[in-house]
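The structure under discussion appears below in the form of C-alpha coordinates.
Side chains are part of it too, since the values below use all heavy atoms of this structure and drop only hydrogens, waters and symmetry mates.
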Amino acid sequence: MFYDTAANRHGLPHDPFKAIVSPRPIGWVGTRAAGGSQNLAPYSFFNAISDHPKLVMFSSSGYKDSVRNIEETGEFTASFASRNLSAAVNLTSVAAPHGESEFEVAGLMPVEGTLVKAPFVGEAFAALECRMTEIFRPKGLDGVVSESYVVFGEVVGIHIRDEAIRDGRFDAATVRPLARLGYMDYCDGGDVFEMVRPRR
(Lines give C-alpha, C1' and ligand atoms only; values in the text may rest on other atoms or scores of the structure.)
Protein backbone atom coordinates (compact mmCIF):
# COMPACT_ATOMS: atom_id res chain seq x y z
CA MET A 1 0.00 0.00 0.00
CA PHE A 2 0.95 3.64 -0.34
CA TYR A 3 -0.75 6.80 0.85
CA ASP A 4 0.20 10.46 0.96
CA THR A 5 0.15 11.97 4.43
CA ALA A 6 -1.56 15.19 3.38
CA ALA A 7 -4.82 13.30 2.86
CA ASN A 8 -3.74 10.54 5.29
CA ARG A 9 -6.25 8.11 3.76
CA HIS A 10 -4.53 4.91 4.86
CA GLY A 11 -7.77 2.99 5.23
CA LEU A 12 -6.64 1.42 8.52
CA PRO A 13 -8.45 1.62 11.86
CA HIS A 14 -5.53 3.60 13.34
CA ASP A 15 -2.78 5.80 11.90
CA PRO A 16 0.31 3.54 11.49
CA PHE A 17 2.93 6.33 11.53
CA LYS A 18 4.12 5.90 15.13
CA ALA A 19 4.03 2.10 14.79
CA ILE A 20 6.44 2.35 11.86
CA VAL A 21 8.82 4.71 13.67
CA SER A 22 9.47 2.26 16.50
CA PRO A 23 10.61 1.14 18.94
CA ARG A 24 11.11 4.54 20.54
CA PRO A 25 12.96 4.93 23.86
CA ILE A 26 10.99 6.62 26.60
CA GLY A 27 12.27 9.78 28.20
CA TRP A 28 10.96 9.70 31.77
CA VAL A 29 11.33 13.42 32.36
CA GLY A 30 11.57 14.80 35.88
CA THR A 31 11.20 18.53 36.53
CA ARG A 32 10.63 21.00 39.34
CA ALA A 33 8.41 24.04 38.93
CA ALA A 34 9.68 27.45 40.01
CA GLY A 35 7.25 27.16 42.92
CA GLY A 36 8.86 23.89 44.06
CA SER A 37 6.35 21.22 42.94
CA GLN A 38 7.71 18.07 41.30
CA ASN A 39 6.62 16.60 37.98
CA LEU A 40 7.36 13.29 36.26
CA ALA A 41 6.12 12.34 32.80
CA PRO A 42 7.05 9.82 30.08
CA TYR A 43 7.72 10.98 26.52
CA SER A 44 8.12 8.51 23.66
CA PHE A 45 9.41 11.19 21.30
CA PHE A 46 12.81 11.04 23.01
CA ASN A 47 16.36 10.24 22.02
CA ALA A 48 20.06 11.00 22.30
CA ILE A 49 21.22 13.22 19.44
CA SER A 50 24.92 13.82 20.14
CA ASP A 51 27.69 12.40 22.28
CA HIS A 52 30.12 15.36 21.95
CA PRO A 53 28.57 17.17 23.75
CA LYS A 54 26.11 14.72 25.25
CA LEU A 55 22.70 15.98 24.11
CA VAL A 56 19.20 14.53 24.42
CA MET A 57 15.85 15.77 23.20
CA PHE A 58 12.20 15.12 23.80
CA SER A 59 9.07 16.45 22.17
CA SER A 60 5.85 17.24 24.01
CA SER A 61 2.56 17.16 22.14
CA GLY A 62 1.23 20.42 23.52
CA TYR A 63 2.41 22.77 26.25
CA LYS A 64 2.59 20.51 29.29
CA ASP A 65 3.98 20.91 32.79
CA SER A 66 7.37 19.45 31.82
CA VAL A 67 7.92 22.15 29.21
CA ARG A 68 6.63 24.90 31.49
CA ASN A 69 8.88 23.81 34.34
CA ILE A 70 11.94 23.57 32.10
CA GLU A 71 11.25 27.04 30.71
CA GLU A 72 11.09 28.32 34.31
CA THR A 73 14.18 26.54 35.65
CA GLY A 74 16.28 25.45 32.67
CA GLU A 75 16.80 22.00 34.17
CA PHE A 76 15.39 18.46 33.95
CA THR A 77 16.25 14.81 34.39
CA ALA A 78 15.60 11.76 32.24
CA SER A 79 15.23 8.55 34.23
CA PHE A 80 15.76 5.20 32.52
CA ALA A 81 12.43 3.51 31.79
CA SER A 82 12.74 -0.26 32.22
CA ARG A 83 10.37 -3.22 31.95
CA ASN A 84 10.26 -3.77 35.72
CA LEU A 85 8.99 -0.18 36.15
CA SER A 86 6.54 -0.26 33.22
CA ALA A 87 3.44 -0.03 35.43
CA ALA A 88 4.90 3.02 37.18
CA VAL A 89 5.85 4.61 33.85
CA ASN A 90 2.25 4.19 32.74
CA LEU A 91 0.87 5.66 35.96
CA THR A 92 2.98 8.79 35.51
CA SER A 93 1.34 9.41 32.12
CA VAL A 94 -1.84 10.48 33.93
CA ALA A 95 -3.05 14.02 33.25
CA ALA A 96 -2.54 15.20 36.82
CA PRO A 97 -3.35 18.79 37.81
CA HIS A 98 -0.46 21.25 37.79
CA GLY A 99 1.39 21.00 41.10
CA GLU A 100 0.44 17.38 41.83
CA SER A 101 3.45 15.07 41.94
CA GLU A 102 3.37 12.02 39.66
CA PHE A 103 6.11 10.57 41.86
CA GLU A 104 3.45 10.29 44.57
CA VAL A 105 0.81 9.04 42.11
CA ALA A 106 3.08 6.13 41.09
CA GLY A 107 4.61 5.52 44.53
CA LEU A 108 8.12 6.36 43.33
CA MET A 109 11.01 7.84 45.31
CA PRO A 110 12.12 11.25 44.00
CA VAL A 111 15.85 11.85 44.34
CA GLU A 112 17.27 15.34 44.00
CA GLY A 113 19.82 15.78 41.23
CA THR A 114 23.44 16.33 42.18
CA LEU A 115 24.08 19.11 39.65
CA VAL A 116 20.53 20.16 38.77
CA LYS A 117 17.58 21.02 40.99
CA ALA A 118 15.23 18.50 39.41
CA PRO A 119 14.20 15.09 40.74
CA PHE A 120 14.81 11.71 39.15
CA VAL A 121 13.35 8.27 39.86
CA GLY A 122 15.29 6.61 42.68
CA GLU A 123 14.22 3.14 41.53
CA ALA A 124 15.53 3.64 37.98
CA PHE A 125 18.63 1.79 36.78
CA ALA A 126 20.05 5.08 35.47
CA ALA A 127 19.23 8.76 35.20
CA LEU A 128 20.55 11.72 33.24
CA GLU A 129 20.81 15.19 34.73
CA CYS A 130 20.26 17.79 32.01
CA ARG A 131 20.39 21.52 31.46
CA MET A 132 18.16 22.90 28.74
CA THR A 133 19.94 24.32 25.69
CA GLU A 134 16.90 25.27 23.60
CA ILE A 135 13.15 24.88 23.21
CA PHE A 136 11.31 25.46 19.99
CA ARG A 137 8.17 24.56 18.05
CA PRO A 138 8.98 22.91 14.70
CA LYS A 139 7.31 23.85 11.43
CA GLY A 140 5.90 21.71 8.64
CA LEU A 141 6.53 22.15 4.90
CA ASP A 142 3.71 24.67 4.80
CA GLY A 143 5.42 26.82 7.42
CA VAL A 144 2.67 26.20 9.97
CA VAL A 145 4.02 25.82 13.51
CA SER A 146 3.42 22.41 15.09
CA GLU A 147 1.53 21.98 18.35
CA SER A 148 4.63 20.17 19.66
CA TYR A 149 7.39 21.67 21.81
CA VAL A 150 10.87 20.22 21.30
CA VAL A 151 13.24 20.44 24.26
CA PHE A 152 17.00 19.93 23.91
CA GLY A 153 19.27 19.46 26.89
CA GLU A 154 22.91 18.81 27.58
CA VAL A 155 23.62 15.92 29.93
CA VAL A 156 25.76 17.24 32.77
CA GLY A 157 25.61 14.22 35.08
CA ILE A 158 24.78 10.52 34.92
CA HIS A 159 23.61 8.15 37.68
CA ILE A 160 23.92 4.36 37.24
CA ARG A 161 22.95 1.70 39.74
CA ASP A 162 25.66 -0.90 40.39
CA GLU A 163 23.43 -3.83 39.40
CA ALA A 164 23.01 -2.38 35.91
CA ILE A 165 26.72 -2.88 35.14
CA ARG A 166 27.91 -6.26 33.88
CA ASP A 167 31.39 -6.90 32.45
CA GLY A 168 32.01 -3.17 32.39
CA ARG A 169 28.89 -2.33 30.37
CA PHE A 170 25.46 -0.91 31.06
CA ASP A 171 23.77 -4.23 30.36
CA ALA A 172 20.55 -4.15 28.34
CA ALA A 173 19.76 -7.79 29.16
CA THR A 174 19.74 -6.86 32.85
CA VAL A 175 17.91 -3.53 32.67
CA ARG A 176 15.46 -4.47 29.85
CA PRO A 177 14.83 -1.01 28.34
CA LEU A 178 11.16 -0.17 27.90
CA ALA A 179 10.24 1.18 24.47
CA ARG A 180 7.08 2.49 22.87
CA LEU A 181 5.66 0.94 19.73
CA GLY A 182 2.50 2.12 18.01
CA TYR A 183 -0.98 2.23 19.47
CA MET A 184 -0.91 1.09 23.14
CA ASP A 185 1.92 -1.40 22.51
CA TYR A 186 5.31 -1.53 24.24
CA CYS A 187 8.35 -3.80 24.13
CA ASP A 188 11.56 -4.27 26.07
CA GLY A 189 15.08 -4.41 24.70
CA GLY A 190 16.28 -7.32 26.81
CA ASP A 191 16.73 -9.66 23.81
CA VAL A 192 20.22 -8.56 22.84
CA PHE A 193 22.50 -9.55 19.99
CA GLU A 194 25.75 -7.99 18.83
CA MET A 195 26.94 -6.95 15.37
CA VAL A 196 30.39 -5.52 14.67
CA ARG A 197 30.58 -2.74 12.09
CA PRO A 198 32.37 -4.02 8.96
CA ARG A 199 35.72 -2.59 7.85
CA ARG A 200 36.93 -2.18 4.28
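Annotation for T31 and D65: closest pair OG1-O, 4.5 Å, computed over non-hydrogen atoms. Nearest heavy atom pair, residue S148 against residue S61, reads OG-CA, 3.9 Å. The two residues V150 and P138 come nearest to each other via the heavy atoms CG2-CD, 3.7 Å. Nearest heavy-atom pair, K117 versus E75, reported as atom, atom and distance to 0.1 Å: N-OE1, 2.8 Å. Nearest approach of C130 to V155, heavy atoms of both residues: SG-CG2, 4.0 Å. Scanning all heavy atoms of the two residues, the minimum distance from L181 to C187 falls at CD2-SG, 3.8 Å.
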Notebook entry, point to check: Can you check salt bridge (charged side-chain N to carboxylate O under 4.0 Å, His left out) on E194 and R169, steps first, answer last?
Noted result: CA-CA 13 Å; E194 185 176 82; R169 294 184 176 188; 3.3 Å; yes
Next item on the list: Apply side-chain contact (heavy atoms from CB on, under 4.5 Å) to the pair D171 and F125, showing each step before the final yes or no.
Entry: CA-CA 10 Å; D171 185 58; F125 283 113; over 6 Å; no
Checklist line | Candidate pair F76 and N69, rule side-chain contact (heavy atoms from CB on, under 4.5 Å), full reasoning | finding: CA-CA 8 Å; F76 66 97; N69 294 348; over 6 Å; no
Item checked: Derivation and outcome, side-chain contact (heavy atoms from CB on, under 4.5 Å), residues N84 and E123 -> CA-CA 10 Å; N84 67 311; E123 293 85 349; over 6 Å; no
Note to self: Between Y149 and I70, does the side-chain contact (heavy atoms from CB on, under 4.5 Å) criterion hold? Intermediate values first, please.
What the structure shows: CA-CA 11 Å; Y149 291 76; I70 293 168; over 6 Å; no
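Atom CE of M109 sits about 8.0 Å away from atom CZ of F120, to the nearest 0.5 Å. The structure places CZ of F103 at 8.0 Å from CG of N39, a figure rounded to the nearest 0.5 Å. The CZ atom of R32 sits 10.0 Å away from atom OG1 of T77, with the distance rounded to the nearest 0.5 Å. Considering CD1 of I26 and OG of S79, their distance stands at 12.5 Å, rounded to 0.5 Å. Here R180 contributes atom CZ and S22 contributes atom OG; the two are 10.5 Å apart, rounded to the nearest 0.5 Å. The structure places CE of M57 at 10.5 Å from CD of E134, a figure rounded to the nearest 0.5 Å.
When side chains are defined from C-beta on, F152 counts as touching F136, because their heavy atoms get closer than 4.5 Å. Between T92 and L108, the closest side-chain pair of non-hydrogen atoms falls below 4.5 Å. Residues T174 and E163 are not in side-chain contact: their nearest non-hydrogen atoms beyond the backbone lie 4.5 Å or more apart. The closest side-chain heavy-atom distance from F45 to K18 is below 4.5 Å.
R161 contributes a side-chain N or O that, together with a main-chain N or O of G122, makes up a donor-acceptor pair within less than 3.5 Å. No donor-acceptor distance shorter than 3.5 angstrom exists from the side chain of R176 to the backbone of D188, with no hydrogens or angles considered. Judged purely by atom type and a 3.5 angstrom limit, R137 uses its side chain to pair as donor or acceptor with the backbone of S146. A donor-acceptor pair under 3.5 Å links the side-chain atoms of E129 to the main chain of V116, judged by distance alone.
Linking Ile, Leu, Val, Met, Phe, Trp and Tyr residues whenever their side-chain heavy atoms come within less than 4.5 Å leaves V29 and V111 in two separate clusters. Linking ILVMFWY side-chain heavy atoms closer than 4.5 Å, directly or via other members, places V94 and L40 in two distinct hydrophobic clusters. Hydrophobic clustering (ILVMFWY, side-chain heavy atoms < 4.5 Å, transitive): L178 and W28 are in one cluster. In the hydrophobic clustering of this structure, Y186 does not group with Y183; members are Ile, Leu, Val, Met, Phe, Trp, Tyr whose side-chain heavy atoms approach within less than 4.5 Å, directly or through other members.
In M1, the CE atom is crowded: over 12 heavy atoms of neighbouring residues, nucleotides or ligands sit closer than 6.0 Å.
Of the candidates Y3, F17, F2, H10 forms a ring-ring contact (aromatic ring centres under 6.0 Å, His included) with just one, namely Y3.
With hydrogens and angles left out, the side-chain atoms of E71 and Y63 include a donor and acceptor closer than 3.5 Å. A side-chain N or O of Y43 and one of S66 form a donor-acceptor pair less than 3.5 Å apart.
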